[in-house]
**Q** 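One structure, pasted below without further comment.
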Amino acid sequence: MSEVTSISVYLDQLPEVDRTNNKQAVNARRGGFLHGTKIATTAGWKPVERITVGDLVRTLDHGFKEVRRISISVVVIPADERRVEFLPVLVPARAAYNGRPVWLMPEQGMALNLSRINAKADGPSVVPARLLNGAGHLTSQAPGSSFEVFSLFFDDDQVIFVEGGLQAYCPSGRFNMRGATTGTRYDVAAEEVASDLIHSLMSKGDMSALANPLGALPAPIPQEPKFPIRPPFGVRRPGRPGRPSAPVLFLRPEWQI
């Protein structure tokens with residue numbers, strides 16, 4: 001069984017984690033983002049380990065939202081572990097708008113664009129990443145004997161963009177896929193329904209339902225106002241040339257007011 005030692009942080013400084021301490025381990029069948037995974041923020045694509053509390057992350061439906069809490073874990077996978085439910089899923093480069101390989105934790109929720117599967121369907125449906133094993137070229141593997149996992153938490157449930165537009169579900173305040181009862185609720189598919197959705201995805205041979213091409217190039221939001229700004233009424237901008245005088249109209253006296 002995979003093992004994990006979990007630490008939650010609320011500060012910008014991340015604590016040192018002891019990778020060798022497995023006595024306080026819990027089940028590693030959970031979500032989160034592996035070290036090095038890039039997240040869409042106001043500063044563009046940013047590795048998850050560099051994101052701090054207060055950063056603004058791009059979401060699918062609510063613009064940019066502030067990260068309220070970050071949890072850091074160290075996962076240790078034994079060399080003989082072969083169970084899919086305890087292994088991350090490897091998404092090869094360019095499988096779904098991602099320019100490089102991406103690792104997904106087995107219980108990380110991924111939002112499927114249902115319109116890519118059924119033209120009559122609408123809205124995203126969240127499925128666990130472990131069910132994607134065998135879809136296209138996606139496989140369940142161990143990225144190493146130990147690695148760090150980061151979980152991002154917001155005030156409400158959110159779907160964020162990772163690695164070129166992959167749509168990842170972040171429930172508020174929990175590690176599993178069942179979020180809070182307030183705010184926007186995303187449809188978290190039951191096990192059988194999720195399996196059917198992924199089977200339909202595989203039959204079409206198109207993995208683009210996992211990602212949004214509009215999220216591939218997140219537009220940074222400037223943190224400072226743009227210049228030149230509009231000056232107060234009656235004050236000219238520095239260096240701005242004066243406007244020419246209004247043309248004189250030669251009108252007949254009876255036309256003038």
Side-chain angles (χ1 to χ4, degrees), residues 2 27-34 37 39-40 48 59-62 75 83-92 95-98 101-141 143 149-154 156-181 183-216:
S2 305
N27 197 326
R29 184 174 169 175
R30 49 159 291 182
F33 306 104
L34 273 70
T37 303
I39 310 293
V48 66
T59 66
L60 176 64
D61 298 307
H62 307 105
V75 174
R83 291 173 294 179
V84 172
E85 60 268 28
F86 292 104
L87 292 174
V89 176
L90 173 62
V91 183
Y97 302 118
N98 53 308
V102 187
W103 292 95
L104 303 174
M105 287 296 288
E107 290 300 325
Q108 174 57 50
M110 303 303 296
L112 296 181
N113 186 353
L114 296 182
S115 62
R116 298 292 183 91
I117 301 174
N118 183 354
K120 298 181 180 180
D122 187 24
S125 185
V126 179
V127 301
R130 58 182 166 80
L131 296 181
L132 294 170
N133 177 48
H137 298 288
L138 280 64
T139 56
S140 295
Q141 303 180 28
V149 175
F150 298 77
S151 297
L152 307 181
F153 298 94
F154 304 85
D156 300 310
D157 300 351
Q158 301 292 347
V159 173
I160 67 174
F161 296 106
V162 302
E163 291 290 352
L166 290 169
Q167 301 173 147
Y169 175 59
C170 292
S172 58
R174 302 186 181 186
F175 290 103
N176 57 21
M177 290 199 299
R178 300 297 173 181
T181 57
T184 303
R185 294 298 303 272
Y186 288 96
D187 176 38
V188 179
E191 190 82 6
E192 294 183 0
V193 175
S195 297
D196 291 341
L197 288 174
I198 294 174
H199 180 74
S200 300
L201 188 70
M202 294 171 60
S203 63
K204 288 182 175 295
D206 182 9
M207 302 303 295
S208 62
L210 281 171
N212 188 329
L214 298 179

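Computed from a predicted structure; not experimentally measured.
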**Q** Identify, with sequence neighbours excluded, every residue that meets side chain to side chain donor-acceptor pair (under 3.5 Å) alongside Ser200.
**A**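 Applying side chain to side chain donor-acceptor pair (under 3.5 Å) to Ser200 gives none.
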**Q** So which atom in Ala111 and which in Val159 form the shortest heavy-atom distance, rounded to 0.1 Å?
**A**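 Taking Ala111 first and Val159 second, the nearest heavy atoms are CB-CG1, 4.0 Å.
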**Q** Partners of Ser125 by side chain to side chain donor-acceptor pair (under 3.5 Å), sequence neighbours excluded?
**A**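 Ser125 satisfies side chain to side chain donor-acceptor pair (under 3.5 Å) with Asp187 only.
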**Q** Can you list everything that forms a side chain to side chain donor-acceptor pair (under 3.5 Å) with Asn98? Sequence neighbours excluded, please.
**A**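 Once residues adjacent in sequence are excluded, Asn98 has no partner under the side chain to side chain donor-acceptor pair (under 3.5 Å) criterion.
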**Q** Are any of the side-chain heavy atoms of Arg30 and Ser151 separated by less than 4.5 Å?
**A**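 Yes, their side chains come closer than 4.5 Å.
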**Q** Partners of Glu163 by side chain to side chain donor-acceptor pair (under 3.5 Å), sequence neighbours excluded?
**A**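 Residues passing side chain to side chain donor-acceptor pair (under 3.5 Å) with Glu163: Arg100.
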**Q** Holding to side chain to side chain contact (heavy atoms under 4.5 Å, CB included), I want the full list of residues that pass it with Ala168, two or more places apart in sequence or in another chain.
**A**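 Scan of Ala168 (side chain to side chain contact (heavy atoms under 4.5 Å, CB included), adjacent residues dropped) gives Phe33, Gln108, Met110, Ile160, Val162.
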**Q** So, for Gln167 and Ala209, which heavy atoms are closest and what is the spacing to 0.1 Å?
**A**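 Nearest heavy atoms, Gln167 then Ala209: NE2-O, 4.1 Å.
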**Q** Say whether Asp157 and Ser172, considering side chains only, have a donor N or O and an acceptor N or O under 3.5 Å apart.
**A**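 Yes - a donor-acceptor pair under 3.5 Å links their side chains.
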**Q** Would you call Leu210 and Leu132 a side-chain contact if the rule is heavy atoms closer than 4.5 Å?
**A**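 A side-chain contact under 4.5 Å exists here.
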**Q** So do Leu138 and Asn133 actually touch side chain to side chain, heavy atoms under 4.5 Å?
**A**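 They are not in contact (no side-chain heavy atoms under 4.5 Å apart), so the answer is no.
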**Q** With heavy-atom distances below 4.5 Å as the criterion, would you say the side chains of Leu87 and Gln141 are in contact?
**A**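 Sidechains of Gln141 and Leu87: no contact.
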**Q** For a quick test of your reading: what N or O donor-acceptor pairs under 3.5 Å do the side chains of residues 190-198 make, sequence neighbours left out?
**A**
unit_1	atom_1	unit_2	atom_2	d
Glu191	OE1	Arg130	NH2	3.0
Glu191	OE2	Arg130	NH1	2.9
Glu191	OE2	Arg130	NH2	3.4
Ser195	OG	Glu191	O	3.0

